[in-house]
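I have placed the structure first, in the form of structure tokens, so that the comments after it can refer back to it.
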Amino acid sequence: MRHPFAAVLLVAAVVGCGKKDASGSWAPAPVPIQTVWSAEVSPANAHPEYPRPQLVREKWASLNGLWDYAVVPAEDPKPKQWDGQILVPFCIESSLSGVGMRVSADQALWYSTTFKVPSSWRKQRVMLNFEAVDWSAEVYVNDKLVGHHTGGYTAFSFDVTPFLKGRGKQKLAVKVLDATDNGEQPRGKQVSDPNGIWYTPVTGIWQSVWMEPVRSAAVTSYLAVPDVDAGAVDVTVYADGATENDRVEIWLREGGVGYSTENPGETSTVAFASVAPGKPVRLTVTDPKLWSPESPFLYEMEIQLKQGKKVVDEVRGYTALRKTSEVVDSEGHKRMGLNNEPYFQYGPLDQGWWPDGLYTAPTDEALKFDLVKTKDFGYNMIRKHIKVEPARWYYYCDQLGIVVWQDMPSLGAHMGSHWEMWKWALPEYDSKMTETAKATYYKEWGEIIAQLRNHPCIVAWVPFNEAWSQFDTPKAVEFTRSCDPTRLINSASGGNSYPVGDIFDSHNYPNPQMKFTSGGLQIDVLGEYGGIGWPVEGHLWQADKNWGYIEYKSGDDVLKQYSVYAEDLKKIVQEGVSAAVYTQTTDVEGEVNGLMTYDRKIVKMDEQRLRAVNQDVIASMKK
């Protein structure tokens, strides 16, 4: 069996029909620095890879490329004329969009393109898929409203078959509204006035757009829940248009995604089941292989939806046998556990910003680069900080072996709490969020968890960060648990919530300290520390106002201070701290406290010495 990406990449090259640049007029908008991958981006190859690694179909067509755009007052109807062209999937504020302009809360960003449906698809339904649009999107096909979606971090799809006309070109338009920090929507680190730890806004389409054909009955998603103790995976396949008489057949195989993408090798079936759509079934594996950062073994899945003997849909994905839980070590400390063993988790705060693409990595190679370097640096964990990445990012974490703490992006009006450091956050400290804002939070957080929960790399959910928009924390934890009872919950990283969830998370800059702990009630972790800055000339987003929590002038000085902090960290690990997060993977705009510069051209410390220090920290926890 082929690696699940092998076929679809070939088909994309043949079928892809996004609008291309005929005039040669596209060019990146000017920015102070760029990554090396910017030079590889063009309208003909804007993220051509298959976007959805856990629900792969062989037939699909990318719609990435040059679209027309216009910015008009929010209340205006569709523009009468277009301002120019924009490269999808890069947000309008980014360099790689070719535009590089801001959109205010009282303006609408409109997109327009055309597409043709391949003749081989004409007897099937055509699904139009968006990986992510920030924030509110109305989608029109041939001037008819197809649907509306809110939420800047989750994928959505529409069946556009009823809106198609004839066999020629079809018109596609998208209207986007985005209040950023002037509304009550989740927006993470985006602000209308970037400064300090707050960054440039991201508006509109910022992940891939594509279409695919499906029959009247088709798989929409699956849920794979591993049971390490039983050596099994419980799988539920959901299908649109299926009946109780239809069957879902599921194969679990070794090989494929568990090995390199260049030479995936042969696969062998280790479990098989047949079940009705929407019904759970257990696939038991003899001699199961467990997933961990040291051995990131993945099982390939093939799913067929059958009506009688006819296969009406077929998708490929993967899963893993991995358990995350609370365990107690030999000295009585509560620890984060992986596969029933204490497992010290250590890694960077990863914000996922790019000087040329902002929220969007320039290329798939660039997206993977940060993860490869994180492993090279000797870490085993990433805290994905108040952002949700494209599905391929999590696929690479699954494949490379990196455990992930996934944050919920903070809401727009998020500084209204009365939180105090080193004290329990009592209910009266809550942010005064409106009921509308709370409903938006729960809608988007639930969608994020549902979208990501099949990825074995994710071991913890983080509903809040440092009391930013933190409200009704016990209810938010209960909601998170109801969405996914299989992972640990870090209720408020640095937010000192009394004591709900599984993890107590303290922040301290610059040195690693735990001035306040749960007193044995929860797993204690150091959710942020460090921030050692070094502004490297020639690799800066801005000439001045660059900062780190402390600053040095050479990589040797940075490594020396980092090593001192590592010794301090090992001491509190012995006292019971179960994980630590260093700030941060890269510089981001005016923040210069990255392990790498913002353009990824400079690693600030000697890599081998950094790796040795990090591996020593991880090994310091007694089991």
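We count residues from 1, following the sequence as given. Predicted, not measured: the structure shown is a model, and the values here were computed from it.
The aromatic rings of Y379 and F377 lie perpendicular to each other, with more than 60° between the two planes, well past the 30° mark. Using cut-offs of 30° and 60° for the angle between ring planes, the H149 and F156 rings count as parallel. Note on ring orientation: taking the six-membered ring where Trp is involved, the planes of H47 and F90 are tilted (angle from 30° to 60°).
Checked by atom type and distance alone, the side chain of D193 never pairs as donor or acceptor with a backbone atom of W198 at under 3.5 Å. A donor-acceptor pair under 3.5 Å is absent between the side-chain atoms of D557 and the main chain of Y552, judged by distance alone. Proximity of a side-chain donor or acceptor of S491 to a complementary backbone N or O of V477 within less than 3.5 Å is not detected. Checking side-chain atoms of D407 against main-chain N and O of P409 turns up no donor-acceptor pair under 3.5 Å. Q522 contributes a side-chain N or O that, together with a main-chain N or O of G501, makes up a donor-acceptor pair within less than 3.5 Å. The closest donor-acceptor contact from the side chain of T517 to the backbone of G519 lies under 3.5 Å. Remark: the backbone N or O of Q451 is not paired with any side-chain donor or acceptor of R453 at under 3.5 angstrom. Side-chain atoms of Q542 come within 3.5 Å of backbone atoms of K545 as a donor-acceptor pair (strictly under, hydrogens ignored). In this structure a side-chain-to-backbone donor-acceptor pair under 3.5 Å is present from S97 to V99.
Side-chain polar atoms of R52 and Y50 form a donor-acceptor pair below 3.5 angstrom. With hydrogens and angles left out, the side-chain atoms of T434 and E184 include a donor and acceptor closer than 3.5 Å. For the residue pair D370 and T585, no side-chain donor N or O sits within less than 3.5 Å of a side-chain acceptor on the partner. Y359 and Y153 share a donor-acceptor pair across their side chains, judged by distance under 3.5 Å alone. W206 and E131 share no side-chain donor-acceptor pair at under 3.5 Å. For the residue pair T200/Q190, the side-chain donor-acceptor check at 3.5 Å is not satisfied. Under 3.5 Å, the side chains of D568 and N511 contain no donor-acceptor pair of N or O atoms. A donor-acceptor contact closer than 3.5 angstrom is absent between the side chains of Q615 and Y346. Between the side chains of N465 and R383, at least one donor N or O sits under 3.5 Å from an acceptor N or O. Q406 and Y394 are linked by a side-chain donor-acceptor pair at a separation below 3.5 angstrom, with hydrogens and angles left out of the test. Side chains of N614 and Y562: a donor-acceptor N/O pair is present below 3.5 angstrom, by distance only. For the 3.5 Å distance criterion, the side chains of S38 and D356 qualify, holding a donor opposite an acceptor. Side-chain contact, S192 with D181: a donor N or O sits under 3.5 Å from an acceptor N or O. Looking at T583 and N593, their side chains never bring a donor and an acceptor atom within 3.5 Å of each other. A donor atom on one side chain and an acceptor atom on the other are found under 3.5 Å apart for K189 and Q351. Inspection of the W135 and T150 side chains reveals no N or O donor paired with an N or O acceptor under 3.5 Å.
For F369 and W37, the ring centers sit closer than 6.0 Å to each other. For Y441 and F464, the gap between ring centers is short of 6.0 Å. In this structure, the ring of W445 has its center less than 6.0 angstrom from the ring center of W461. Between Y318 and Y395, the ring center distance clears the sub-6.0 Å criterion.
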Using the rule given for side-chain contact (heavy atoms from CB on, under 4.5 Å), can you reason through L540 versus I33, listing the C-alpha separation, both sets of side-chain angles and the distance that settles it, and then say yes or no? CA-CA 7 Å; L540 298 174; I33 53 175; 5.9 Å; no
Show the numbers, then the answer: is there a side chain to side chain donor-acceptor pair (under 3.5 Å) between Y549 and E591? CA-CA 9 Å; Y549 288 92; E591 282 192 70; 5.6 Å; no
Hey, mind stepping through L452 and V388 against side-chain contact (heavy atoms from CB on, under 4.5 Å) and telling me if it holds? CA-CA 9 Å; L452 299 182; V388 178; 4.0 Å; yes
For R487 and D484, what are the C-alpha separation, side-chain angles and deciding distance, and is it a salt bridge (Lys or Arg N to Asp or Glu O under 4.0 Å)? CA-CA 7 Å; R487 288 175 171 90; D484 179 12; 2.7 Å; yes
Can you check ring pair (Phe, Tyr, Trp, His ring centres under 6.0 Å) on Y429 and W424, steps first, answer last? CA-CA 9 Å; Y429 294 169; W424 290 115; over 10 Å; no
Walk me through it: do K384 and D350 pass the test salt bridge (Lys or Arg N to Asp or Glu O under 4.0 Å)? CA-CA 5 Å; K384 176 45 63 178; D350 191 305; 2.7 Å; yes
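When all heavy atoms of P293 and N380 are compared, the pair lying nearest together is CG-O, 3.9 Å.
Residues F344 and V573 form a side-chain contact, since some pair of their non-hydrogen atoms from C-beta on lies under 4.5 Å apart. Two residues are said to be in side-chain contact when any heavy atoms from C-beta on lie closer than 4.5 Å; L109 and I92 meet this criterion. Looking at K334 and D524, their side chains never come closer than 4.5 Å, going by heavy atoms from C-beta outward. Proximity of Y529 to L569: side-chain heavy atoms (C-beta onward) are separated by under 4.5 Å at one or more points.
At a threshold of 4.0 Å, the pair D364-R392 counts as salt-bridged, since one of the basic side-chain nitrogens sits closer than that to a carboxylate oxygen. Residues K438 and E435 are paired through a salt bridge, judged by an N-O separation under 4.0 Å between the basic side chain and the carboxylate. Ion pairing of K571 with E575 is absent here, as no side-chain N (NZ or NE/NH1/NH2) approaches a carboxylate O to less than 4.0 Å. Salt bridge status for E607 with R609: absent, with no side-chain N to carboxylate O gap under 4.0 Å. With respect to the salt-bridge test (charged N to carboxylate O, under 4.0 angstrom), the residues K570 and D616 qualify. Ion pair E326/R335 not flagged as a salt bridge, since none of the NZ, NE, NH1 or NH2 atoms sits closer than 4.0 Å to an Asp/Glu carboxylate oxygen. Salt bridge absent: K475 and E478 never bring a charged side-chain N and a carboxylate O closer than 4.0 Å. We find that D376 and K373 are joined by a salt bridge, their nearest charged nitrogen and carboxylate oxygen being less than 4.0 Å apart. In this structure, D502 pairs ionically with R481, as a charged nitrogen and a carboxylate oxygen lie closer than 4.0 Å.
More than 12 heavy atoms of other residues, nucleotides or ligands lie within 6.0 Å of NZ in K443, so this atom counts as buried by the packing criterion.
Just one of E528, H507, H385, E466 meets the side chain to side chain donor-acceptor pair (under 3.5 Å) condition when paired with S493; it is H507.
The distance from atom OG1 of T486 to atom NZ of K323, rounded to the nearest 0.5 Å, is 11.0 Å.
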